[in-house]
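Below is one structure, written out as structure tokens, with a few remarks after it.
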2 protein chains.
Amino acid sequence: MIDEEGLDALNMRALAQRLGVSTMALYNHVDDKRDLVNGIARNVIGSFDVPVTPDDWQEQLRATSHILRRICLANPRMIPLIEKADVLGPAAFRPMEAAVASLAKAGMEPREALTAYFLVVNFTLGHSSYELRGPFRGLDPAEALRSGHLEAQTFPFTTQAVSGREWDFDAAFEFGLRTILEGLEARLSPR
Amino acid sequence: MIDEEGLDALNMRALAQRLGVSTMALYNHVDDKRDLVNGIARNVIGSFDVPVTPDDWQEQLRATSHILRRICLANPRMIPLIEKADVLGPAAFRPMEAAVASLAKAGMEPREALTAYFLVVNFTLGHSSYELRGPFRGLDPAEALRSGHLEAQTFPFTTQAVSGREWDFDAAFEFGLRTILEGLEARLSPR
DNA sequence: ACCTGAACACCGTTCAAGT
DNA sequence: ACCTGAACACCGTTCAAGT
């Protein structure tokens, strides 16, 4: 129901009906709606499983970012759902531990390594959120240009950037991830 | 009302009461609740004004990121609000144009420059969102460790990273921003 | 042009009653 | 242990009526 019509479309009455059961029957299995949403969020994030490559921090971070992005895109309404969740369970921490471990092995101090992990994750979530939201909202330059919210003469560079080919979210994501990893590498092995 | 109790606490009845007016009077000034929220979002994003430094792309991006973060932290409930908004107006695009222009001036192709801008903005929004959410939710390792959701023996590196000093969001933000700018610089002027 | 109260449709949840 | 319908409190919005 969330995938189809969004988090707001999930209500106890409709869910019960879809399950062929009375509304109040749900409350035998779930404390309240908050509890229900928490369970869903934990379930989604439960699939956040990343192969562990302790000797290759770049691959570790790259895999984490790609898998997290894939989860986001496969569950388009997940991000607000995660934000509404209270606790996400240990599944959210395992890729973190693996990433920090691999960076520590490469010589980075654990606290800085955790910071680096957040850098990657926050970019990934931010980008996925933008990617899911952008094309439908006034934040997307190409769309804004089309709808007239963004005038070509006032924003020449932006206009030039979005003209021609369609905007390529995959390429933008790869560019961002690559840039971050290069920045981290420069930090790990200064010339 | 949003700042005090969150977006959900904003309802037409309570807002009207606070304004000392009947509920339906609001509908003379606003189409519906969606329209109201859009207006608030546009208002908040209206303060997204960044000094323009065409000859210093690093300063341009740094200032953009800092100001955007300050807006987020000053309006803790803004991020879901922005996500709910339909159109944000030209204020959202001016810093974008300035950033793309400065990067283009430094020799970057406009499309790549726009991608770089999104990298910075998505990281900033992702980080701010995390910063506002983290301490209160199960996503914060330090908090998870305290509450027992994260066991020290299973997550030794993470545990080590969050033990000792309190987690420093400012430092983590600076680290992320610096790393990104270094990555971009390496891309602009390869050795 | 702006305001108002009554009413409608909807939703989460409590409660008393059942099996 | 699980289910049910009635009821309550709440919320967005329409409508008819006012100034």
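Residue numbers begin at 1 in each chain, while the letters A, B, ... track the order of the sequences.
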Positions of residues 30-41 of chain B (non-hydrogen atom under 4.0 Å from DNA chain D), listed by number: B:Asp32, B:Lys33
[atom1] of [X] versus [atom2] of [N]: gap in Å, rounded?
X	N	atom1	atom2	value
B:Asn28	D:dC15	CG	P	15 Å
B:His29	D:dT13	NE2	C1'	16 Å
A:Leu26	C:dG12	CG	P	10 Å

Once you round to the nearest 0.5 Å, how far does [atom1] of [X] lie from [atom2] of [Y]?
X	Y	atom1	atom2	result
B:Thr53	B:Gln58	OG1	CD	10.5 Å
A:Phe93	B:Thr158	CZ	OG1	8.0 Å
B:Tyr130	B:Ile79	OH	CD1	13.5 Å
A:Glu182	A:Leu177	CD	CG	10.0 Å

D:dT14 phosphate, OP1 or OP2, under 4.0 Å from B:Tyr27 side-chain N/O: no
Closest contact, heavy atoms only, B:Ser65 versus B:Val120: CB-CG1, 3.9 Å
Exercise: identify the closest heavy-atom pair between A:Thr159 and A:Phe155: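 For A:Thr159 versus A:Phe155, the nearest heavy atoms are OG1-O, 2.6 Å.
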Presence of salt bridge, B:Asp49 and B:Arg94, under 4.0 angstrom: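 Between B:Asp49 and B:Arg94 there is no salt bridge, as every charged N stays at least 4.0 Å from the carboxylate O atoms.
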Pair A:Asp8 + A:Arg77: basic N to acidic O under 4.0 Å: no
Residues touching DNA chain C, which here means a heavy atom under 4.0 Å, drawn from residues 10-24 of chain A: A:Leu10, A:Asn11, A:Met12, A:Arg13, A:Thr23, A:Met24
Base-paired stems in DNA chain C, each at least three Watson-Crick or G-U pairs under 3.5 Å: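 If one scans DNA chain C for consecutive Watson-Crick or G-U pairs, the stems found are C:4-8 with D:12-16, C:12-16 with D:4-8.
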Atom C1', compared across D:dC11 and C:dC8: separation rounded to whole Å: 12 Å
Whole-Å P distance, D:dC2 and C:dA17: 22 Å
ILVMFWY network linking B:Val52 to B:Ile45, side-chain heavy atoms under 4.5 angstrom: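 No, it is not one cluster - the side chains of B:Val52 and B:Ile45 are not joined through contacts under 4.5 Å.
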Joint hydrophobic cluster, A:Leu7 plus A:Val30, side-chain heavy atoms closer than 4.5 Å: yes
Minimum side-chain heavy-atom gap A:Leu10-A:Leu36 below 4.5 Å: yes
